[in-house]
4 protein chains.
Amino acid sequence: MGQENKLKIRNAAVQVISEKGFYNTRMLDIAEEAELAVGTLYNYFKSKDEILEYIFAKEMERRMEIIAELKAKDISTKKFLKEFLDRHFEVLIRNPHLGRVVVREKDFSGREKSGNIQQFIETLIEALEDIFVEALANSEIKDIDPHLMAVFFFGAIHGMIEHALTKPDIMMLKNAPQFIMERIEHIFIN
Amino acid sequence: MGQENKLKIRNAAVQVISEKGFYNTRMLDIAEEAELAVGTLYNYFKSKDEILEYIFAKEMERRMEIIAELKAKDISTKKFLKEFLDRHFEVLIRNPHLGRVVVREKDFSGREKSGNIQQFIETLIEALEDIFVEALANSEIKDIDPHLMAVFFFGAIHGMIEHALTKPDIMMLKNAPQFIMERIEHIFIN
Amino acid sequence: MGQENKLKIRNAAVQVISEKGFYNTRMLDIAEEAELAVGTLYNYFKSKDEILEYIFAKEMERRMEIIAELKAKDISTKKFLKEFLDRHFEVLIRNPHLGRVVVREKDFSGREKSGNIQQFIETLIEALEDIFVEALANSEIKDIDPHLMAVFFFGAIHGMIEHALTKPDIMMLKNAPQFIMERIEHIFIN
Amino acid sequence: MGQENKLKIRNAAVQVISEKGFYNTRMLDIAEEAELAVGTLYNYFKSKDEILEYIFAKEMERRMEIIAELKAKDISTKKFLKEFLDRHFEVLIRNPHLGRVVVREKDFSGREKSGNIQQFIETLIEALEDIFVEALANSEIKDIDPHLMAVFFFGAIHGMIEHALTKPDIMMLKNAPQFIMERIEHIFIN
DNA sequence: GATGAATGAGAATTCATTCAT
DNA sequence: TATGAATGAATTCTCATTCAT
C-alpha cells in the first residue's frame with residue numbers, strides 16, 4: 001500500500017541528505033534513490049521541506065517513546081539516563097545516515113516552516129529537563145539547574161554523535177554512552 | 001583601504017547568515033547589508049562559499065590565538081580551560097550573530113570546498129585534545145581518553161551556545177562557563 | 001447509463017472553468033466537482049481540451065437549433081432577431097456559468113485543436129449573416145453589409161453578456177435584448 | 001538605458017502572446033523573441049502575469065490619453081466618438097498583434113492579480129459612460145441608459161476587432177469605425 | 001466502466017557569477 | 001576599484017495523462 005512508498009522516500013531522503021546535506025540534495029536525487037519518479041514524491045509530501053520535517057518528526061517521536069517506556073519502568077534516574085543513552089546510540093550505530101541527518105540538519109533556519117524542527121528539539125530537551133527536575137525532587141541528584149543540565153547533556157550527546165559520524169568513528173559511538181555517564185556521575189547523590 | 005570593505009562584507013554576511021541561514025542568504029542580501037554592490041563582493045571573495053570559509057577561518061584563528069596565549073601563560077589546565085571558556089563565551093555574548101553562524105553552519109557538507117570548514121573544527125578539537133594529553137602527562141587529570149574528552153567538551157560547549165543563541169537566552173551564556181567547569185571538575189586530580 | 005456521467009463532467013467543467021478559467025482548471029478540479037475519479041474523465045473525453053470543445057459544440061448546436069426552429073416559423077427578420085436574443089439571454093440568465101465559459105474561453109488559441117472552437121463561432125456568425133442576407137433580399141432591411149452586421153451584432157451581444165456576467169449584473173442581462181433591438185431598429189425598413 | 005529593454009520585452013511579449021495566447025507562451029518564448037536571456041525578463045518584471053498587466057496598463061493609458069485629448073478639444077459627442085473610433089482602430093491596423101492580445105487576454109481570470117486587467121476595462125467603459133452621461137445632459141443624444149450604451153458600444157468594438165484580427169480581415173478594421181457610427185447614428189438628436 | 005497512484009515532461013522563477021562601463 | 005544589468009544553468013513543483021487493479 002501507499003505507506004510503503006512513503007517509507008521508501010523517507011529512507012532515500014535520509015540516505016542522500018546524509019551524504020550531500022539538505023540544500024545540496026535535489027528532489028530528483030531522492031527520487032532516484034527511491035527508484036520513483038519525482039512526481040511521486042509529491043503524492044506523499046507537499047514539499048522538500050516537509051520530507052525533512054517528517055524525518056525529524058519520526059525520530060523525535062521514537063525518542064519520546066523510549067523516554068515514555070523508560071519512565072514506565074520506574075527505575076533510578078541514573079539507570080534511566082544510561083539506558084536512554086544506550087538505546088539512542090544503538091539506533092545510530094545501526095543507521096548512521098539517520099544520525100547524520102538529525103544532528104546536522106536541525107538548524108533548518110531562515111524559513112518559517114522550520115519552526116517544527118526546532119520544536120522537536122525543544123520538546124526533547126524539555127523531556128530531559130523533566131527527568132532532572134523529578135530527580136531533584138526525589139533527591140537523586142545534587143542541586144543543579146535542570147535546564148542547564150538538560151541542554152548540556154543534549155549538547156554533549158549531539159557533539160559526540162556528530163563527530164563520530166563525520167569521521168566516521170564507530171568505536172566512539174560505542175564508548176560514548178559509558179563516557180557520558182562517567183562525566184555526569186558526580187551529579188548523583190550516593 | 002580595501003580591507004575596510006572586506007570587513008564590511010564579513011560583518012554583513014555574519015548578520016544576514018545568522019538570520020536566514022547560509023543557503024537562504026543571497027549575495028544580494030549581503031551586498032545590501034554591507035551597502036555595497038554585488039559585484040564588489042567579488043572583488044574581495046571568489047565565491048559565496050569563500051565568504052563563509054573566511055568567517056570560520058577568522059574565528060578559528062582567534063580561538064587558536066587564545067589557546068596559544070593561554071599556553072604561554074603556563075597556568076594549570078583547570079585554570080586554562082576555565083579561562084578559555086570565559087573568553088570564548090564572552091566573544092559570543094558580545095556578538096551573538098557570529099556565534100549563531102559558527103555553530104549552525106559548521107556542517108557545510110556536500111561540497112568539496114566544505115572540507116576547510118570541517119578542518120577548522122577538527123583543528124580546534126585537536127588543540128583541546130592536546131591540552132588534555134599534556135594534562136594527562138602532567139598528572140593533572142585522571143586517566144581519561146583525551147580524544148573523547150575533547151569531543152565531549154566541545155560538543156557540550158556548542159550545544160549550550162546553540163541553545164542559548166536560538167532562544168535567545170543570554171543568561172545561559174553567562175552561566176555556561178561555570179556550569180561546564182563544574183561538570184568536568186571531577187576529572188581533575190586534587 | 002454512461003451519458004449521465006458525461007453530463008456530470010460537462011456540468012462540473014462548466015462550473016469550475018467559469019470560476020477559475022480554463023487554464024487554471026485542473027482535471028482534478030473537474031473530477032472533484034463531478035464527484036468522479038480523474039481516470040473516469042478519460043473514459044468520456046480524450047483530453048482536457050476535448051471537454052471544452054464539447055461544451056462549445058453543445059452550446060453552438062443549441063443556438064443553431066434555435067435558429068433552425070425560428071426559421072421554420074417563417075416570421076419577420078425583426079421578430080426573428082428579437083426572439084433569438086430573448087432565448088439566447090434566457091439560457092444565460094438560467095445558467096450564468098455556462099455563459100461565462102462561452103464568452104471567455106472562445107479564444108482558445110495557440111493550439112491546432114482550438115480550430116474547432118473558432119469554427120463554432122464562425123458558424124454562428126455565418127448563420128446570422130445568412131439571416132441578414134435573406135432579409136436584404138426580401139427588402140426587410142436597408143442596404144447594409146450583412147457580414148459586418150453579423151459581426152457587429154454578435155460582438156455587441158457577447159460584450160454585454162461578458163460585462164453582465166462579470167459584474168455580475170443580472171438586470172443588464174434582462175434588459176439587453178430589448179436594448180440591442182433598439183440599437184438596430186433603424187436598419188429595418190418600415 | 002534600462003527602459004529600452006523593458007520595451008523590447010513588451011514588444012516581444014505582444015508578438016508571441018498574440019500568436020500563441022498567454023497560457024501557451026513560455027517566458028523562454030518571450031526571451032527569445034526579445035533576444036534576451038530569460039533571467040533578464042525578471043530584471044524588468046516580477047512575473048509573467050506582470051508582463052501582461054503592463055501591456056494592458058500601457059494600452060489603457062493610451063486610450064485614456066486619447067479620451068482626455070478629445071475632451072479638451074470640446075467637439076460634439078458624435079465627432080468625439082467618431083474620432084475615438086478612428087484613432088482606436090488606426091492603432092490596431094498598425095499593430096494587429098497588440099490588438100489581438102488586448103481583445104483576447106482581457107479575461108485573465110482565476111487569479112487575484114488579474115483584477116488589474118479587469119480594472120482597466122472597467123475604467124475605459126466608465127470613461128465612455130461619462131461621455132454618454134454628459135451628452136445626455138447636453139441633450140446631444142436621446143434618453144438612453146448610458147451604462148448599457150457604453151457596454152454595448154465597447155462590446156461591438158471589441159467584437160469587430162477580434163473578428164477582424166482573427167481572420168484576419170484588414171478591410172473590416174478600416175470599415176468598422178464608419179459602420180459602428182452608422183449603427184448608433186440614431187441615438188443623436190438632430 | 002471506475003479508480004487513483006505513478007509518471008515525467010514542462011514551466012516559472014531564482015540567484016551566483018560575469019563583465020562592460 | 002565599484003557597479004549592477006545580463007546571463008542561463010539549475011531546481012522545485014505542477015498536472016495532464018496512463019494503466020494496473
Side-chain angles (χ1 to χ4, degrees), chain A residues 1-6 8-9 23-32 34-51, chain B residues 1-2 4-6 9 23-32 34-51, chain C residues 1-2 4-6 9 23-32 34-51, chain D residues 1-6 8-9 23-32 34-51:
Chain A
M1 75 169 286
Q3 278 326 86
E4 196 191 326
N5 268 348
K6 188 156 189 174
K8 257 165 99 178
I9 295 168
Y23 283 104
N24 295 310
T25 296
R26 296 167 304 150
M27 288 302 264
L28 182 62
D29 296 325
I30 299 173
E32 279 173 355
E35 291 176 305
L36 289 169
V38 208
T40 307
L41 271 52
Y42 287 89
N43 290 337
Y44 295 90
F45 297 95
K46 271 204 283 292
S47 68
K48 190 183 160 189
D49 288 7
E50 217 189 70
I51 297 181
Chain B
M1 73 168 288
E4 195 192 328
N5 269 348
K6 187 156 188 174
I9 295 168
Y23 283 102
N24 294 312
T25 296
R26 296 168 304 154
M27 288 300 263
L28 182 63
D29 296 326
I30 299 173
E32 279 174 354
E35 291 176 306
L36 291 168
V38 229
T40 309
L41 270 54
Y42 286 87
N43 290 333
Y44 296 91
F45 297 96
K46 272 205 282 291
S47 69
K48 188 183 163 189
D49 288 6
E50 218 190 67
I51 297 180
Chain C
M1 72 169 288
E4 194 192 329
N5 270 347
K6 188 156 187 173
I9 295 168
Y23 283 104
N24 294 312
T25 295
R26 297 169 303 154
M27 288 301 264
L28 182 63
D29 295 326
I30 299 173
E32 279 173 356
E35 292 176 306
L36 290 169
V38 226
T40 308
L41 270 54
Y42 286 87
N43 291 334
Y44 296 90
F45 297 95
K46 271 206 283 291
S47 68
K48 189 183 161 190
D49 288 7
E50 218 190 68
I51 296 179
Chain D
M1 76 169 283
Q3 279 324 89
E4 196 192 325
N5 268 346
K6 189 156 187 173
K8 258 165 98 179
I9 295 168
Y23 283 103
N24 294 311
T25 295
R26 297 168 304 149
M27 287 303 262
L28 182 62
D29 296 326
I30 299 173
E32 280 174 354
E35 292 177 304
L36 290 169
V38 211
T40 306
L41 270 52
Y42 288 89
N43 291 336
Y44 296 89
F45 297 96
K46 272 205 282 293
S47 67
K48 190 183 161 189
D49 289 7
E50 219 190 66
I51 298 179

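Naming: A, B, ... by sequence-line order, numbering from 1 per chain.
Residue-to-nucleotide proximity on DNA chain F shows that, of B/E35 and A/T25, the 5′-proximal contact is made by B/E35.
At the heavy-atom level, A/L28 lies nowhere under 4.0 Å from the strands shown. Note on A/L41: nothing from the nucleic acid sits closer than 4.0 angstrom, heavy atoms only.
At F/dT7, one or more side-chain N or O atoms of D/T40 fall inside 4.0 Å of OP1 or OP2 (strictly under the cut-off). Residue B/N5 has no polar side-chain atom (N or O) positioned under 4.0 Å from OP1 or OP2 of F/dT1. In this model, the phosphate group of E/dG4 is not approached by any side-chain N or O of A/N43 to a distance below 4.0 Å at OP1 or OP2.
Comparing atom distances between the B/A37 side chain and each of F/dC13, F/dT3, E/dA11 picks out F/dT3 as nearest. In the set F/dA2, E/dT13, E/dA16, F/dA2 carries the atom at the smallest distance from any side-chain atom of B/Y44. For A/L36, counting side-chain heavy atoms from C-beta on, the closest listed nucleotide (F/dA5, E/dT7, F/dT7) is E/dT7. Comparing F/dG4, E/dA12, F/dT17 by their closest approach to the side chain of C/K48 singles out F/dT17.
By the side-chain contact (heavy atoms from CB on, under 4.5 Å) test, D/A31 pairs with D/L41, sequence neighbours left out. With sequence neighbours left out, the side-chain contact (heavy atoms from CB on, under 4.5 Å) criterion links B/Y42 to B/M27. Residues forming a salt bridge (Lys or Arg N to Asp or Glu O under 4.0 Å) with D/E32 (at least two apart in sequence, or on another chain): none.
Protein atom CD1 of C/I9 is 11 Å distant from nucleotide atom C1' of E/dA2, rounded to whole Å. Rounded to whole Å, the distance from CG on D/D29 to C1' on E/dG10 is 12 Å. In this structure, CZ of B/R26 is placed 15 Å from P of E/dT13, rounded to the nearest angstrom. What separates CD of C/E50 from P of F/dA16 is a distance of 15 Å, to the nearest Å. Between D/E32 atom CD and E/dA11 atom P there is a gap of 12 Å when expressed in whole angstrom units. A/M27 has its CE atom 14 Å from the P atom of E/dT7, to the nearest Å. Whole-Å rounding puts the D/D49 CG to E/dT13 C1' distance at 12 Å.
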Please produce a list of atom pairs where a protein N or O lies less than 3.5 Å from an N or O of nucleotides 18-21 of chain E.
none

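The structure places CG of A/N5 at 7.0 Å from OG1 of A/T40, a figure rounded to the nearest 0.5 Å. Taken from CG in D/N43 to CD1 in D/I9, the straight-line distance is 8.0 Å, to the nearest 0.5 Å.
When side chains are defined from C-beta on, C/I51 does not count as touching C/Y44, because their heavy atoms never get closer than 4.5 Å.
With pairs defined as Watson-Crick or G-U wobble and both atom distances under 3.5 Å, the stems of at least three pairs that touch DNA chain F come out as E:2-21 with F:2-21.
Counting only distance, with no hydrogens or angles, the side chain of B/K48 and the backbone of B/T25 share a donor-acceptor pair below 3.5 Å.
For B/K46 against B/E50, the heavy-atom pair with the smallest separation is N-OE1, 3.1 Å.
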